[in-house]
Amino acid sequence: MSRAAVLAGIGACLPPRLVTNAELAARLDSSDEWVRSRTGIAQRYMADSSVLTSDLAVGAGSRALKSSGHPHVDAVVVATTTPDRPCPATAPTVAGKLGLGHAAAFDVSAVCSGFLYGLASAAGLIAGGIAERVLVIGAETFSRILNPADRSTSVIFGDGAGAAVLRAGSSTEEGALGPFDLGSDGEGVDLITVPAGGPPPEGGWPDPVPDDYYFTMQGKRVFWLAVQRMGQSAQMVLDRAGWRVDEVDHLVAHQANHRITRRLADEIGLPRERAVSNIAEVGNTAAASIPLALVHAHAAGTLRPGDRVLLTAFGGGLTWGATTLIWPAVDPS
Ligand code: UT7
């Protein structure tokens with residue numbers, strides 16, 4: 001038994017504007033049928049221009065704090081690809097808006113693996129005795145960096161935020177985060193990238209917006225790398241945790257594409273029905289995708305106390321990671 005980070009609360013926040021495939025297909029050379037069959041996505045939520053990533057993060061964070069039953073944390077970690085500004089980080093703004101006093105606050109930039117990297121950072125702060133309670137938030141206004149003329153990315157991504165409170169506890173408790181695996185491969189830096197620019201400054205981007213300011217992804221190559229890297233990372237933490245794959249009740253993988261999640265389940269030898277999926281409702285929300293999937297699966301009664309959960313993600317960088325936990329009794333947020 002050793003000191004470990006234990007999941008104590010969860011929360012989510014989606015912007016109100018629902019965007020269907022049909023709405024996007026009306027302005028792109030696409031169709032509801034193509035998007036559903038190639039990605040599993042039926043709709044996503046998008047933030048209006050007045051809504052910042054920090055606003056969604058505060059919504060998810062306040063619910064996670066409420067769910068944890070404790071209003072304070074010692075540190076706030078925000079995982080995001082779409083910070084409010086290039087500098088400073090978004091986390092101090094979020095901590096301030098949440099009334100968290102002088103809590104430590106920093107961002108993690110690992111694109112779609114960001115929430116897992118954030119969990120690992122928080123677990124390290126707790127294991128090292130630097131913090132007793134940490135709020136980890138994955139938050140994105142990804143629609144801001146999408147090229148409206150690029151049908152291959154515009155139909156995939158959505159906005160939203162999900163959060164988790166971790167507290168210091170024991171490694172044998174339900175909710176204790178298990179072993180982590182994290183990795184990167186800088187040779188793939190150009191496969192998922194925003195080469196220039198940054199989030200829009202006040203007053204907006206230059207008109208017309210240079211293409212380099214937008215997000216680009218080489219989807220086909222990323223697809224297979226995602227399956228391969230998440231599969232290896234998942235297997236690594238299962239081995240370290242001493243879990244057999246058939247003991248895993250739920251796979252909660254980054255929600256990039258339902259075909260990726262199914263292939264990943266096949267790759268590690270898990271029945272496909274044990275893979276949690278909420279991509280139909282929210283699309284790919286990058287750093288927010290794992291906590292949003294956890295909140296939705298918890299609310300649906302899919303995740304029950306005592307269930308063995310395997311988390312894994314893959315994203316730009318390239319980056320990837322995985323961890324395990326036994327689902328604890330968590331209050332609804
Ligand atoms: O979140 C971070 C990690 N991200 C991922 O893991 C995403 C990984 N990649 C993917 O999910 C898939 O590769 C995509 C969903 C991005 C694309 O699906 P795909 O089955 O790999 O399609 P493709 O890129 O091979 O394109 C097939 C065809 C092409 O047309 P041609 O060349 O065969 O005539 C595309 O131009 O589909 C076309 N296409 C579309 N058609 C209608 C691409 N996007 C669209 C679209 N609507 N929105």
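Fair warning: this is a prediction, and the values are worked out from it, not measured in the lab. Residue numbers start at 1 and run along the sequence shown. Both ligands and their constituent atoms are indexed starting at 1 by order of listing.
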Under 3.5 Å side-chain donor-acceptor pair for T82 and E140: yes
When you compare the side chains of S143 and D159, does any donor N or O come within less than 3.5 Å of an acceptor on the partner? yes
Under 4.0 Å from a heavy atom of V222: give me the atoms of ligand 1 that qualify, with their elements. 3 (C), 4 (N), 5 (C), 6 (O), 8 (C)
What do we get for I156 next to ligand 1 when only non-hydrogen atoms under 4.0 Å count, side chain, backbone, both or neither? side chain
Min over S31, G317, S37, G219 of heavy-atom distance to atom 9 (N) of ligand 1 lands on G219
Nearest heavy-atom neighbours spanning T323 and G178: OG1-O, 3.4 Å
Run the numbers for me: atoms of ligand 1, each under 4.0 Å from some heavy atom of V155, listed by number. 48 (N)
Regarding atom 15 (C) of ligand 1: of the candidates V227, T39, I192, L191, which has the closest heavy atom? T39
Check ligand 1 against N284 and write out every atom of the ligand that is under 4.0 Å from a heavy-atom position of the residue. 1 (O)
Would you find a donor on one side and an acceptor on the other, under 3.5 Å apart, between the side chain of T302 and the backbone of H298? no
Which is it for D29 and ligand 1 at heavy atoms under 4.0 Å: side chain, backbone, both or neither? backbone
Is atom 7 (C) of ligand 1 less than 4.0 angstrom from some protein heavy atom? yes
Nearest protein heavy-atom contact for atom 29 (C) of ligand 1: which residue, which atom, what distance? R151 NH2, 4.6 Å
In terms of residue, atom name and distance, what is the protein heavy atom nearest to atom 47 (N) of ligand 1? S30 OG, 2.6 Å
